[in-house]
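First the structure, in the form of structure tokens, and then the observations on it.
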There are 2 protein chains.
Amino acid sequence: MDKESVQATSPKAYDQVLEYLKTLIKNKDISYGGKIPSERELMETLRISRNSVREALRILEHTGVLESRHGKGNFLVNRMGESLSSVFSMLVLMEESNYREVNQLRSVLEKQAYVQASALISEEGKEKAGAIINRMENGDLEERIRSDHELHHLVFEYSQNRLLILLTDALSEIIRSEGEVVLRQAASIDTEEWIALHKNIAICLIEGNIQEGLLALEEHYEWLERDIKM
Amino acid sequence: MDKESVQATSPKAYDQVLEYLKTLIKNKDISYGGKIPSERELMETLRISRNSVREALRILEHTGVLESRHGKGNFLVNRMGESLSSVFSMLVLMEESNYREVNQLRSVLEKQAYVQASALISEEGKEKAGAIINRMENGDLEERIRSDHELHHLVFEYSQNRLLILLTDALSEIIRSEGEVVLRQAASIDTEEWIALHKNIAICLIEGNIQEGLLALEEHYEWLERDIKM
DNA sequence: GAGTGGTCTAGACCACGGC
DNA sequence: CCGTGGTCTAGACCACTCC
């Protein structure tokens, strides 16, 4: 029962750096875009070696809080979305998840976002939705793909929940990074039904017809799941 | 079609280690619990310094795929949930999210899990749900808190979506790590209504009454949100 | 005692960015 | 040119685990 073992797990040297920097952040001594002390400075301030400092910085960088700029310094950033992506992609790599689960999750996130967006969307937002649909109907394939993304993004934007946005972006990223899936998706996108589906989603959003909008979304994700499955 | 590495951004030394180990994983040369080459080995194999090797290992450790055991070696593990927790907690620290958003997300995740669990739950699962409710009704405060967790866990378990489980655990963790919130929650938990709510959730799960079960869940999370808000 | 992670020393050189 | 990150050298000592 040694009380000594308060730090049961980790009295690691680089933890000091993590704690130190978190404190700086919490006290608002540095904010986004701000520069943190140089590696050589941290090394002296915390009286640990540069190696240990760098191990900590690598962790923070990979957590998406920090960016190392060669020749300039280490800066606070907000890239936690990328960090989430990398974890999700490891999950798939380790076969702890799969595209079906990812798609299922995306579906439920967007449905939630849709409900909230319906309540919170502005007139300007509704106009944007209309414009997107216009471009989707009249543009070429590339234009349709772009407006597809824009429409989904619009929904999340007006959901007013940054977590939803972050997670969805991260999940989209891992779908995108899988070549074959994207290809199949592109094939599906090039259909009249696909456009009609999105048009319906947009119109329901504009008119506040949540029920039908949700059904359209449901169908949208079932479509994707069919593509992913084989 | 291997494009000639378009490493637009990073020809970092430690990336070699990341790539190397990912390959080992992909090829199933190592699996959970397995030991990866020692730092000194990696150093020679990839012909980089030990420092660089360690920077890579710190990243992987913090991503939740690797664990360093002093005196033993580095082993593959599955702790990506903790990694997600740490990202979420940084999000809150950086004020890029807040408890309202976290709770909202938890709510939608559990509702989705509930729908799927309703369809997939076994007879054994239903019995478990019944037993949990029994303990919740008859146990002391501590017992009620435990069965509370068990019930929610049961729902996610039968959802058969590991992503949902992982995310929810990560989100719960950051709620838990905030002292004041937990306290208020504990206060709420100690009421008849709280028990009745959970009983309802369990019964609807057993009887396959999805609609009412979802309503109970909705109420459950509204309850939590009230606690969190002030 | 051998192997391994954790950390440090005390430098060094390169590449990059800004003055 | 100087400060900074990126990397390396060539060791070293400690603490831990296993045999």
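Residue numbering restarts at 1 for every chain, and letters A, B, ... go by the order of the sequence lines.
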(message) With nearest nucleotide decided by heavy atoms, which residue, A/G71 or B/K72, maps closer to the 5′ end of DNA chain C?
(response) B/K72

(message) Using whole Å, what does the distance between atom C1' of nucleotide C/dA10 and atom CE of A/M43 come to?
(response) 9 Å

(request) May I have the distance from A/I48 (atom CD1) to C/dC8 (atom C1'), rounded to whole angstrom? (result) 11 Å

(request) Measure from OH on A/Y14 to P on C/dG6 and round the result to the nearest Å. (result) 6 Å

(request) Measure from the side chain of A/N51, starting at C-beta and using heavy atoms only, and say which of D/dT17, C/dT9, D/dT9 lies closest. (result) C/dT9

(request) Determine whether any donor atom in the side chain of B/R40 lies under 3.5 Å from an acceptor atom in the base of C/dG5, or the reverse, and answer yes or no. (result) yes

(request) Mind running salt bridge (Lys or Arg N to Asp or Glu O under 4.0 Å) on B/E150 and B/R135 for me, showing each step along the way? (result) CA-CA 11 Å; B/E150 283 175 23; B/R135 270 181 287 129; 3.0 Å; yes

(request) Could you grab the distance from atom CG of B/L60 to atom NE2 of B/H62, nearest 0.5 Å is fine? (result) 12.0 Å

(message) Measuring from the side chain of A/R54 (C-beta onward, heavy atoms only), which nucleotide among D/dT9, C/dG6, D/dG5 has the closest atom?
(response) D/dG5

(message) Heavy atoms from C-beta onward define the side chain here; which of D/dG5, D/dT9, C/dT4 lies closest to that of B/S49?
(response) D/dT9

(request) Counting heavy atoms from C-beta on, name the nucleotide in C/dG5, C/dG6, D/dG5 closest to the side chain of B/S38. (result) C/dG5

(request) Grab the CD-C1' distance between B/E67 and D/dT17 for me, whole Å please. (result) 14 Å

(message) Any base atoms under 4.0 Å from A/L57, or only sugar-phosphate, or nothing? Heavy atoms, all strands.
(response) nothing

(request) Return the value, rounded to whole Å, for the distance between atom CZ of A/R50 and atom C1' of D/dT7. (result) 8 Å

(message) At less than 4.0 Å, is any side-chain N or O atom of B/S52 found next to OP1 or OP2 of D/dC8? Yes or no.
(response) yes

(request) Would you mind reading off the distance between A/N74 atom CG and D/dG6 atom C1', rounded to a whole angstrom? (result) 11 Å

(request) Could you check which of D/dA15, D/dG6, C/dT7 has an atom nearest any side-chain atom of B/H70? (result) D/dA15

(request) Measure the distance from CZ on A/R47 to P on C/dT9 and round it to the nearest whole Å. (result) 9 Å

(message) Looking at A/K28 and B/E95, is any side-chain nitrogen of the basic one under 4.0 Å from a carboxylate oxygen of the acidic one?
(response) yes

(message) In this structure, how many angstroms lie between the P atom of C/dG17 and the NZ atom of A/K35, rounded?
(response) 15 Å

(request) May I ask you to decide whether B/E143 forms a salt bridge with B/R146, counting only side-chain N to carboxylate O separations under 4.0 Å? (result) yes

(request) Look at the side chain of B/R58 and decide which nucleotide, out of C/dG17, D/dG6, C/dG6, has an atom nearest to it. (result) C/dG6

(message) So if I apply the side chain to side chain contact (heavy atoms under 4.5 Å, CB included) rule between B/S97 and each of A/L163, A/L164, A/L166, A/I165, which one comes out positive?
(response) A/L163

